[in-house]
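First the structure, in the form of structure tokens, and then the observations on it.
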Amino acid sequence: MIIGTRGHDLGGVMSAEALAKTAKEKGIESVQLVAYRSLDGVGEAPGFLSHGYAQKVGKAFDKEDVRVALIGCYINLLHADLDRFKEYLRYARDFGCSMVGTETGSVNPDYSFNPDNHGEEAFLQVVEVFKELTSYAQNFGATVGIEAVHCHVVHTPEKMKRILDLVDSPNLRVIFDPVNLITPENYTEAKAIIEKSFDLFGDQIVIVHAKDFIIEEGGMTMVPPGQGLMDYDHLFDTIKQYKYEVDVIIEDYRGLDLDEAIIYLKGI
């Protein structure tokens, strides 16, 4: 497995050259790049990218032998203007990457939970958005990554399988974050959730997110991998049954424990 992290967990906004060097120094093999949170001169709105700029970024990472595994463009698909996402799809290959990823969002514009998130109407709206995005991605040799979250529209392994079947595109693949599917009510079933996910769509998982959790006072608190209840031995054993290589992207929620998380995951 290829161990990586999010670019913005490596420090503040910086040049592509500095970010790639920092990743290399920490033993990081790949990054999830949220450009506007990591790179100088890139804003959230469309219009900041060009082929030349994206190629410059890609060359900086290539020089350090660090791969851009995923471009993060996480938007609320039920409310978002898709222009920024499409811009990243256009330039993904120039970054040395092929995938642009997002979660599926909420009926509420602020991303907060709404019970209607789990209803049929919201689900079918999201299906149509992914059909549009994957059709667009196809023109540029790019791939759309979809990530499930328990409080969003796609929130269970079964819903993920269903949207993959309905969109039915080789340009749609899965960013799998097992902790996103875990709640204080179902955390004891984490192993079964992982196994169900791989049974349903294991061959379409290309990125795995690595974070951890603890349960305190009935709620979940996110912690870096190796510091919580997540059984990473089981997760990695399951991955190996389905894939020779995937990018495992550490999500560091404290900003202080990335080095320890890298050592922990590489030691499994």
(request) State, without any angle test, whether His51 and Asp94 hold a side-chain donor-acceptor pair at a distance under 3.5 Å. (result) yes
(message) Counting the benzene-type ring for Trp, do Phe176 and Phe198 have ring centres under 6.0 Å apart?
(response) yes
(request) May I ask you to check whether His152 and Phe113 place their ring centers less than 6.0 Å from one another? (result) no
(request) Tell me yes or no: between the side chains of Tyr242 and Asp199, is some donor less than 3.5 Å from an acceptor? (result) yes
(request) Establish, for the pair Lys161 and Phe201, whether the NZ or CZ atom is under 6.0 angstrom from the six-membered ring centre and no further than 45 degrees off its axis. (result) no
(message) Strictly distance-based, threshold 3.5 Å: is any side-chain N or O of Asp177 a donor or acceptor partner for the main-chain N or O of Val179?
(response) yes
(message) Testing the 3.5 Å rule here: is there a donor-acceptor pair between the side chains of Glu195 and His234?
(response) yes
(message) Looking only at side-chain N and O atoms, does Gln32 offer a donor or acceptor that is under 3.5 Å from a partner on His8?
(response) no
(message) Check the orientation of Phe140 and Tyr136. Use parallel for under 30°, tilted for 30 to 60°, and perpendicular for over 60°.
(response) tilted
(message) Quiz question: by atom type and distance under 3.5 Å, do the side chains of Asn114 and Ser106 form a donor-acceptor pair?
(response) no
(message) Could you tell me if Glu147 and Tyr74 have a donor-acceptor pair between their side chains, going purely by distance under 3.5 Å?
(response) yes
(request) Would you please classify the geometry between the His155 ring and the His118 ring as parallel, tilted or perpendicular, with 30° and 60° separating the classes? (result) parallel
